[in-house]
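First comes the structure, then the notes that go with it.
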2 protein chains.
Amino acid sequence: MVDPTSRALRLLSLMQGRRDWAGADLAGRLGVSLRTLRRDVDRLRELGYPVQARPGVDGGYRLAAGAALPPLVLDDDEAVALTVGLQAAAAGADAGMAEPSVRALTKVVPVLPARLRRRVEALQAMTVPAPPWSDGGPAVDPSLLVAAAQACRDTERLEFTYTAAGGRPAERLVEPHRLVPLGRRWYLVAYDPSRGDWRTFRLDRMAGLRGTGARFAARPLPAEDAATFVRAGMDRFRTPTLVEAVVEAPAAVVRDRVGRWVRVTDEGPDRCRLHLETDDLDWPALVLGAVRAEFTVVAPDELRVRLAEWSQRFARAVAG
Amino acid sequence: MVDPTSRALRLLSLMQGRRDWAGADLAGRLGVSLRTLRRDVDRLRELGYPVQARPGVDGGYRLAAGAALPPLVLDDDEAVALTVGLQAAAAGADAGMAEPSVRALTKVVPVLPARLRRRVEALQAMTVPAPPWSDGGPAVDPSLLVAAAQACRDTERLEFTYTAAGGRPAERLVEPHRLVPLGRRWYLVAYDPSRGDWRTFRLDRMAGLRGTGARFAARPLPAEDAATFVRAGMDRFRTPTLVEAVVEAPAAVVRDRVGRWVRVTDEGPDRCRLHLETDDLDWPALVLGAVRAEFTVVAPDELRVRLAEWSQRFARAVAG
DNA sequence: CCATCGCGGACAGGATCTGTCGCCGATTGC
DNA sequence: GCAATCGGCGACAGATCCTGTCCGCGATGG
């Protein structure tokens, strides 16, 4: 532990692993004198990491919250948990979080030791993403997501088999530009040299994605922003269904049960109203089942049909 | 950028942000000569981080997967995504991942800048954890989890109001030892000085948890392991219900729809069998609704009752 | 009041770091 | 093949730094 650089990293790691450290303790772990430890601490402070110190009999050093997150030193288990957690966040959940999650994954995944990668894969199968039935589309494979994001970042040409809405799979070789999460789906904005134009591709319709290793010079996108480019191309296709129902239970109770999934508005002491937007009617059926209270469907009519199906299927199951 | 230590950290950060870097590019960013850059790269290699270099006209430096994860340098958005993802992983999902997630959180949260903390809180409300109805017990607040884990790590006395199974809330002041996730619940193993004995506390029954700031000398736990200590104390209470159903659809289809939530075994070309364990019968009802196929319930009888309730409630909703 | 602990200046010897120069080997494109 | 490009490496000299030791100071808690 003679190199100051290595010591700085190790010092950071130690201070992340426990809050309070006595100076002598730290100096001992790093194999240096107290004076040198003080200098090392100074160095960390110069780098912007707020190391607090308290003199006195119960004093010590402590890493506090600062302006920026210090480099995180994680052990194996933590790295696995981090990766799986980020993958779940990227694949499901909120759009505002998905994009940074993928970005963080492109930092972690390429440097993840192979043994950890296997553990990530094993755990991933066990792990609960956003419910697979909450959206019509099939879920996107996180590794696909990361591979595409990396190609965008590294300006590396991408090859894949794409099955457009029409139905015929075709090979594509594109220059990836940016990944855009929109309404629980992921889109890749890319330049297609063979067609000489910009296109958007849905990630859940890609297969056999692989980097070619060939780099390219980035072109300017002929749009303000990748997200607006995607939106411009798909607005005409969107057909979300608005679901509305009245539930005979206090809004607080309903919010507690399903508030994360739908909007709940108050309608008196023992009644409230649910709103949600979806393109899969099984989803509101699940939600309405989970509220455990009497309810009536305001719209759409198709939902009533679907609920009747569920009701009859359940009745048959019980009778059988 | 004259300090080698600071340069090493910055170099690591740069190489995490993009895969391929030309030497001159890196040297320019760090404000040093090419020769010095090479020496810096050597230093990183000596620290165990595998920096690959390729000569030739398309060459460059690249950070590869190594034996250990290098310190992660994250920006604001990524740090927020990381925190939220880890919190979701800690609160829900798989027990094998929950504990390391909490451990990683105890490293991140204390050094998280305040402005990011607010964003984490805002996002957390929007984010989808494991379905709240998948377990009878109320979900554990991630911040409570982290606070308890930190107290364990820092051997800091903990105060909280505990409502035991009996029902009377009481103040507790304990020396926390370890946090144990067991069957979708969290337990704190701690020494209670006022009673002179070791106890386990359920985190979802705690309120107003706060650290006292006072440190204590760790005692040896009179058990092999904190997990076995918890298990020894609670085995007599566990009453999981085994659910079994036969579905009239190919196993592959059913696995695709609900395979993440239950075990599916094959029973011929168009029939399969579901197994799951729970203490909340609404949960299998949701799963059976999501399979979108005819089914019959093998066990338990109570589930048939529950399904009948759902069926009738849905029927009334449709009729109303 | 005292013990403990962090702070920081000074100093000297030694180790390290840096840029420059030169040359080599690998790779790619012509 | 040949040239251009790029990383690797050894050597060198001067500047810089790093380290341990010694010292007194100030804050904290009992």
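Numbers restart at 1 for each chain; the letters A, B, ... are given by sequence-line order, proteins then strands. Not measured: the values here are computed from a predicted model.
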Practice item. Find the distance between CD (B:Glu46) and OG1 (A:Thr5) and round it off to the nearest 0.5 Å. Key: 10.0 Å

Point to revise | Ionic contact status for B:Arg45 with B:Asp42, cut-off 4.0 Å | key: yes

**Study point:** DNA chain D: 5'-proximal contact among B:Gly23 and B:Arg39 (nearest heavy atom)
**Key:** B:Gly23

Study note, to complete from the structure: B:Asp25 atom CG is separated from D:dC6 atom C1', nearest whole Å, by 13 Å

Point to revise | Nearest-Å distance for atom pair CG/P, residues B:Leu37 and C:dT18 | key: 11 Å

Review point. Does OP1 or OP2 of C:dG19 have a side-chain N or O of B:Thr36 closer than 4.0 Å?
Key: yes

Check your understanding: What distance do A:Gln150 atom CD and A:Arg103 atom CZ have between them, rounded to the nearest 0.5 Å?
Key -> 14.0 Å

Point to revise | Salt-bridge contact B:Asp204-B:Arg202 (side-chain N to carboxylate O under 4.0 Å) | key: yes

Practice item. Rounded off to whole Å, could you give me the CG-to-P distance for the A:Leu34 and C:dT4 pair? Key: 14 Å

**Study point:** Value in whole Å for how far the C1' atom of C:dA26 lies from OH of B:Tyr61
**Key:** 14 Å

Review point. What is the distance from CG of B:Asp20 to P of D:dG7, rounded to the nearest Å?
Key: 11 Å

Point to revise | Side chains of B:Asp25 and B:Arg18 in contact at under 4.5 Å (non-hydrogen atoms) | key: yes

Could you go over nucleotides 21-24 of chain C and give all protein N or O partners under 3.5 Å, atom names and distances?
none

Practice item. Answer yes or no: is there a side-chain heavy-atom contact under 4.5 Å between A:Phe201 and A:Val174? Key: yes

Check your understanding: B:Leu30 has an atom CG; how far is it from atom P of C:dC17, in whole Å?
Key -> 15 Å

Exercise for review: For the residue pair B:Glu156 and A:Asp20, establish whether any side-chain heavy-atom pair is separated by less than 4.5 Å.
Suggested key: no

Review point. Tell me, which of residues 42-55 of chain A have any heavy atom that sits under 4.0 Å from an atom in DNA chain C?
Key: A:Arg45, A:Ala53, A:Arg54, A:Pro55

Review point. Do side-chain atoms of B:Asp154 reach the backbone of A:Arg19 as a donor and acceptor pair under 3.5 angstrom?
Key: yes

Point to revise | Any donor-acceptor N/O pair, B:Ser13 side chain to B:Leu9 backbone, under 3.5 Å | key: no

Check your understanding: Given atom CG of A:Asp40 and atom C1' of C:dC7, what is their separation to the nearest angstrom?
Key -> 15 Å

Review point. End-to-end bend of the helix from C:dC1-D:dG30 to C:dC30-D:dG1 (five-pair axes, 10° rounding)?
Key: 60°

Check your understanding: About how many Å separate OG1 of B:Thr200 and CG of B:Leu179, when rounded to the nearest 0.5 Å?
Key -> 11.5 Å

**Study point:** Which residue lies more 5' along DNA chain C, comparing A:Val41 with A:Thr5 via nearest heavy atoms
**Key:** A:Val41

Review point. Do NZ/NE/NH1/NH2 and the carboxylate oxygens of A:Asp40 and A:Arg7 come within less than 4.0 Å?
Key: yes

Check your understanding: In whole angstrom, what separates A:Leu26's CG from C:dG6's C1'?
Key -> 12 Å

